Amino acid sequence: MPTGKVKFYDADKGFGFVQGDDGQEVFLHATALPAEVTQLRAGTKLEYGIADGRRGPQALSVRVVDAPASVTRMKRKPADDMAIVVDDLVKVLDRVGAQLRHGKYPEGAAGAKIAAMLRRVADDFDA
């Protein structure tokens with residue numbers, strides 16, 4: 001399957017273009033994207049099939065290969081829900097801060113859970 005990077009993508013218009021690794025520019029329509037993807041940023045690496053469209057090559061069956069932070073998920077949490085999540089996260093980080101002030105890092109499993117929570121909240125904000 002060919003690979004390339006998003007040259008530009010306009011979610012409002014529902015299309016964009018991919019610059020293939022071979023230099024070929026390919027039309028990208030929103031219907032070719034995976035269901036959970038509604039937005040792509042320039043530079044996101046994709047893998048795709050190619051078909052001849054009305055105006056040239058068109059990407060089909062697109063799969064995001066690299067840069068998951070460049071992908072916006074279909075559903076963004078409502079601001080009220082995110083406020084609750086952030087409040088809870090602040091409480092967790094306050095407890096961790098107190099432990100750190102006493103010279104203790106969180107245990108392995110607890111540290112991994114905190115890191116996963118931070119990544120998840122960061123992904124929700126980046127969406």
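Computed from a predicted model, the values in this text were never measured in an experiment. In what follows, residues are counted from 1 in the order of the sequence shown.
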| field | Polar side-chain atom of His29 near backbone of Thr31 as donor-acceptor pair, under 3.5 Å | value | yes
Close side-chain approach of Met117 to Val92, heavy-atom, < 4.5 Å: yes
To the nearest 0.5 Å, atom OH of Tyr48 lies from atom CZ of Arg63 at 13.0 Å
inquiry  = If you define the side chain from C-beta out and look only at heavy atoms, does anything of Thr3 sit under 4.5 Å from Lys45?
reply    = yes
Between Gln99 (side chain) and Gly103 (backbone), is there a donor-acceptor pair under 3.5 Å? no
Separation between CG (Leu46) and CD (Gln19), nearest 0.5 Å, reads 12.0 Å
Fill in: Step-by-step side-chain contact (heavy atoms from CB on, under 4.5 Å) determination, Leu28 to Gln58
CA-CA 6 Å; Leu28 173 63; Gln58 181 171 341; over 6 Å; no
Open item on the list: Assess the residue pair Val62 and Leu40 against the criterion (side-chain contact (heavy atoms from CB on, under 4.5 Å)); give the C-alpha distance rounded to whole Å, side-chain angles, the decisive distance to 0.1 Å, and a yes or no.
Closed with: CA-CA 12 Å; Val62 174; Leu40 294 170; 5.6 Å; no
Over 60° means perpendicular and under 30° means parallel, so tell me whether Phe17 and Phe8 are parallel, tilted or perpendicular. tilted
- Query: Taking the side chain as C-beta and beyond, is there a heavy-atom pair between Pro2 and Asp22 under 4.5 Å?
  - Reply: no
One should read off an interatomic distance between Met82 CE and Asp87 CG, to the nearest 0.5 angstrom, of 10.5 Å
In this structure, CG of Leu89 is separated from CD1 of Ile84 (nearest 0.5 Å) by 13.5 Å
When rounded to the nearest 0.5 Å, the distance separating CZ of Arg95 from CG of Leu93 is 9.5 Å
Separation between CG (Leu60) and CE (Met1), nearest 0.5 Å, reads 8.5 Å
- request: Quick one: do Phe15 and Tyr9 satisfy ring pair (Phe, Tyr, Trp, His ring centres under 6.0 Å)? Show the steps, please.
  value: CA-CA 6 Å; Phe15 74 90; Tyr9 184 79; 7.9 Å; no
